[in-house]
Participant: 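Once you've had a glance at the structure underneath, I'll fire off some questions.
We count residues from 1, following the sequence as given. Quantities reported herein were computed from a predicted structural model and do not represent experimental measurements.
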Amino acid sequence: MSEVRLQVRNLCKSFGITKAVQNVSFDINKGEVHALIGENGSGKSTLTNMLTGIYSIDSGTFILDGKEIHPKNQVDANKQGVSIIVQELGTLDGLTVAENIFLGHEDMFVKFGIKNTNAMNHRATELLKKYGFDKIKASDPIENYNFEDRKLVEIVKATYFGPKIVVIDETTTALSQEGREELYKHMNRIREEGNTVIFISHDLSEILDKSDTITILRDGVYIDTVKSKDVNEDDLKRLMVGREVTGAYYRADYGEKISNEVSLSVKNVNVPGLIHDITFDLHKGEILGFGGLSESGMHEIGKAIFGASYDRTGTVTLADGTQINDIPTAIRHSIAYTSKDRDNESVVMNQSIGDNICLPSLDDLANKAHMLSDKKLKEFANKYAAEMSVKMVNTDQFVSDLSGGNKQKVVLARWIGKDSDIVVLDSPTRGIDIKVKQDIYQLMDRMRKNGKSIIMISEELMELIGMCDRILIMKDGAINGELMRSKDLDENLLISKMV
């Protein structure tokens with residue numbers, strides 16, 4: 001009989017009239033990876049944010065090893081044996097790597113009121129070496145590192161002190177395969193030490209492979225807890241959605257000829273230290289994929305096309321000869337871009353859903369006198385929020401109140417509303433549940449058939465294989481191969497060009 005580590009009892013949390021978690025109760029055992037799954041807005045992150053002191057609890061209790069806990073914040077949660085690696089960035093600019101690792105616990109290095117920075121850096125260096133992250137230097141400013149490396153720092157920050165429970169909230173979607181393997185290794189170590197991982201992911205095959213037990217939430221309500229070995233993906237989909245998930249997932253067509261009409265031409269594009277001599281054409285009605293390891297430079301491609309890489313050289317040219325060198329020109333000439341780093345680069349967190357959706361379309365929505373109508377703006381926002389099925393109170397709600405998946409829906413709603421001709425999607429399904437992924441893939445297919453041109457940058461190899469007409473593989477900042485859409489295309493062919 002497994003020993004219970006955490007009892008969740010009658011937990012409730014509301015945001016305004018939205019009941020995010022409703023009277024949820026279940027148990028989590030010692031020495032297990034316990035997955036928490038559900039559609040976007042099901043209450044997974046809300047529940048774990050209460051456990052880790054990020055949100056206050058409306059009612060109900062957490063009982064850890066027989067004792068009630070009421071964490072006031074993340075530092076207090078750490079002291080009580082609970083930590084979290086969050087979905088978005090969990091490190092702070094303006095601090096070093098070491099200061100981020102020990103944030104809230106600096107007193108370990110303070111004597112007579114003076115902080116011993118050398119001792120802090122030395123201890124952080126020891127930890128980074130122990131975790132195999134030697135490439136990250138303790139004394140460096142954290143902003144010297146990219147999104148993925150900052151996630152590796154968060155792994156150290158959340159686990160070095162041996163917490164009883166570590167929450168991993170959608171972290172794998174921010175990591176390359178190499179980074180994921182590192183995370184899995186530390187998940188196994190935590191389990192072997194008799195501690196517990198609460199694992200949130202939308203990748204059901206990953207859930208089944210890496211977890212021991214799975215709890216399913218739907219619309220803030222507890223549905224069931226099952227053993228991973230006793231269920232398959234279809235069982236989990238049914239429990240998450242409340243019905244069978246049917247219909248097409250990826251594209252079913254093969255052998256369709258790509259149009260000869262070029263919508264965008266990229267020639268000899270360089271961004272110092274990131275990408276070099278990138279040349280390709282994007283055709284009308286084409287989905288062009290970019291794949292590679294996280295450090296390959298593929299994420300810089302989207303920024304370069306959108307005019308967001310200010311030290312870029314080379315040319316990005318539209319069919320009519322227009323050169324794209326900055327973001328306003330890109331938007332004006334019907335180019336859309338969604339960043340992998342959603343919270344910092346794709347949404348305005350402290351603005352409403354409606355403001356975010358309308359933002360790139362304000363010129364189109366204004367009348368001849370350049371005036372904006374509140375009624376027209378609201379109708380526009382409501383239409384595209386509904387089209388993407390954003391779970392919300394209304395479009396006046398702040399984006400910061402939404403789950404990660406619903407933020408991503410707002411990003412996509414913004415660009416669908418803009419009706420852009422060229423759409424650059426970097427990691428479009430990151431943190432998105434199975435049903436919404438299906439909706440996004442079908443939306444991309446409709447856009448393609450309507451003559452829109454799409455660039456999809458993704459670390460999900462099956463997504464690239466399933467959706468793209470062509471796939472360009474990046475390695476060490478350069479294009480290292482081109483693969484055409486085919487029934488015979490598999491992940492191994494892509495990987496052989498990536499490594």
Side-chain angles (χ1 to χ4, degrees), residues 2-38 41-88 90-92 100-108 154-155 157-171 190-191 193-200 213 215-217 219-223 225 398 400-404:
S2 298
E3 191 177 347
V4 173
R5 163 123 291 169
L6 181 73
Q7 297 167 278
V8 180
R9 291 292 177 267
N10 308 116
L11 208 65
C12 295
K13 180 68 180 177
S14 295
F15 298 97
I17 61 169
T18 303
K19 293 181 178 177
V21 174
Q22 304 178 57
N23 203 35
V24 168
S25 298
F26 62 96
D27 292 341
I28 294 173
N29 295 323
K30 286 185 181 178
E32 73 170 356
V33 175
H34 192 115
L36 203 54
I37 68 168
S42 62
K44 310 178 297 295
S45 293
T46 301
L47 189 149
T48 52
N49 282 343
M50 286 190 278
L51 173 64
T52 53
I54 296 169
Y55 291 161
S56 60
I57 300 167
D58 287 356
S59 62
T61 54
F62 290 109
I63 302 167
L64 179 62
D65 289 345
K67 181 186 170 189
E68 270 193 38
I69 60 167
H70 304 277
K72 301 180 197 70
N73 51 49
Q74 281 180 263
V75 174
D76 189 33
N78 290 172
K79 287 174 181 169
Q80 298 188 56
V82 183
S83 70
I84 185 169
I85 306 171
V86 295
Q87 182 177 346
E88 301 301 333
T91 49
L92 295 178
N100 267 284
I101 289 172
F102 299 114
L103 190 63
H105 303 277
E106 299 88 348
D107 53 348
M108 294 189 290
E154 286 178 55
I155 293 172
K157 177 184 176 182
T159 61
Y160 77 88
F161 57 95
K164 295 175 180 180
I165 295 175
V166 179
V167 178
I168 298 172
D169 186 357
E170 285 289 351
T171 303
I190 292 162
R191 175 168 52 189
E193 289 170 353
N195 291 318
T196 300
V197 175
I198 299 177
F199 185 41
I200 300 175
T213 310
T215 289
I216 301 96
L217 300 178
D219 295 328
V221 175
Y222 171 81
I223 300 299
T225 297
F398 272 26
S400 54
D401 289 342
L402 300 178
S403 68

Participant: What is the distance from atom CG of Leu217 to atom CD1 of Ile223, rounded to the nearest 0.5 Å?
Facilitator: 7.5 Å

Participant: Does the side chain of Leu92 come within less than 4.5 Å of Asn100's, by heavy atoms?
Facilitator: yes

Participant: With rounding to the nearest 0.5 angstrom, report the CG to OG distance, Asn73 to Ser56.
Facilitator: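 OG of Ser56 is found 12.0 Å from CG of Asn73.
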
Participant: Just verifying a value: how many Å separate Thr215 OG1 and Leu47 CG, rounded to the nearest 0.5 Å?
Facilitator: 9.5 Å

Participant: Which heavy atom of Ser25 sits nearest to which heavy atom of Asn10, and what is that distance?
Facilitator: OG-N, 2.7 Å

Participant: Kindly compute the distance separating NZ (Lys72) from NZ (Lys79), expressed to the nearest 0.5 Å.
Facilitator: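 Atom-to-atom, Lys72:NZ and Lys79:NZ are 9.0 Å apart.
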
Participant: Within the side chain of Glu3, is there an N or O that forms a donor-acceptor pair under 3.5 Å with the backbone of Gly31?
Facilitator: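 Side chain of Glu3 to backbone of Gly31, a donor-acceptor pair under 3.5 Å: no, none is there.
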
Participant: Could you tell me which non-hydrogen atom of Val24 sits nearest to which non-hydrogen atom of Val21, and how far apart they are?
Facilitator: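 Taking every non-hydrogen atom into account, CG2-CG1, 3.6 Å.
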
Participant: From Lys157 NZ over to Ile84 CD1, what is the distance, rounded to the nearest 0.5 angstrom?
Facilitator: 11.0 Å

Participant: Would you check, one step at a time, whether the test side-chain contact (heavy atoms from CB on, under 4.5 Å) holds for Val8 with Tyr222?
Facilitator: CA-CA 11 Å; Val8 180; Tyr222 171 81; over 6 Å; no

Participant: side-chain contact (heavy atoms from CB on, under 4.5 Å) with Leu6: which of Asp27, Val82, Leu51?
Facilitator: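 That would be Leu51.
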
Participant: Parallel, tilted or perpendicular, judged at 30° and 60°: which one describes the rings of Tyr160 and Phe102?
Facilitator: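 Geometry flag for Phe102 against Tyr160: perpendicular rings.
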
Participant: Does any non-hydrogen side-chain atom of Leu64 lie less than 4.5 Å from one of Arg5?
Facilitator: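 A side-chain contact under 4.5 Å exists here.
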
Participant: Indicate the atoms forming the closest heavy-atom contact of Ile63 with Arg9, along with that distance.
Facilitator: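 Closest approach of Ile63 to Arg9: CD1-CG, 4.3 Å.
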
Participant: Taking side chain as C-beta onward, heavy atoms only, is Phe26 less than 4.5 Å from Thr213?
Facilitator: no

Participant: Side-chain contact, heavy-atom cut-off 4.5 Å: Met50 with Pro71?
Facilitator: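 Of all side-chain heavy-atom pairs linking Pro71 with Met50, none is under 4.5 Å.
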
Participant: Looking only at the side chains, is there a donor atom on one of Gln74 and Asn78 sitting less than 3.5 Å from an acceptor on the other?
Facilitator: no

Participant: Kindly indicate, with the supporting measurements, whether the criterion side-chain hydrogen bond (donor to acceptor under 3.5 Å, both in side chains) is fulfilled by His34 and Thr196.
Facilitator: CA-CA 7 Å; His34 192 115; Thr196 300; over 6 Å; no

Participant: Checking Lys19 side chain against Gly220 main chain: does a donor-acceptor pair fall under 3.5 Å?
Facilitator: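 Answer holds: no.
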
Participant: To the closest 0.5 Å, what do you measure between CD (Glu193) and NZ (Lys30)?
Facilitator: 14.0 Å

Participant: Determine the minimum heavy-atom distance between Ser83 and Pro163, stating which atoms define it.
Facilitator: OG-CG, 3.5 Å

Participant: Taking the side chain as every heavy atom from C-beta outward, state whether Ile165 and Ile198 have any atom pair closer than 4.5 Å.
Facilitator: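 Heavy-atom side-chain distance check passes, below 4.5 Å.
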
Participant: On a heavy-atom basis, which atom in Ser45 and which in Asp169 lie closest, and how many Å separate them?
Facilitator: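 That closest heavy-atom pairing would be OG-OD2, 2.8 Å.
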
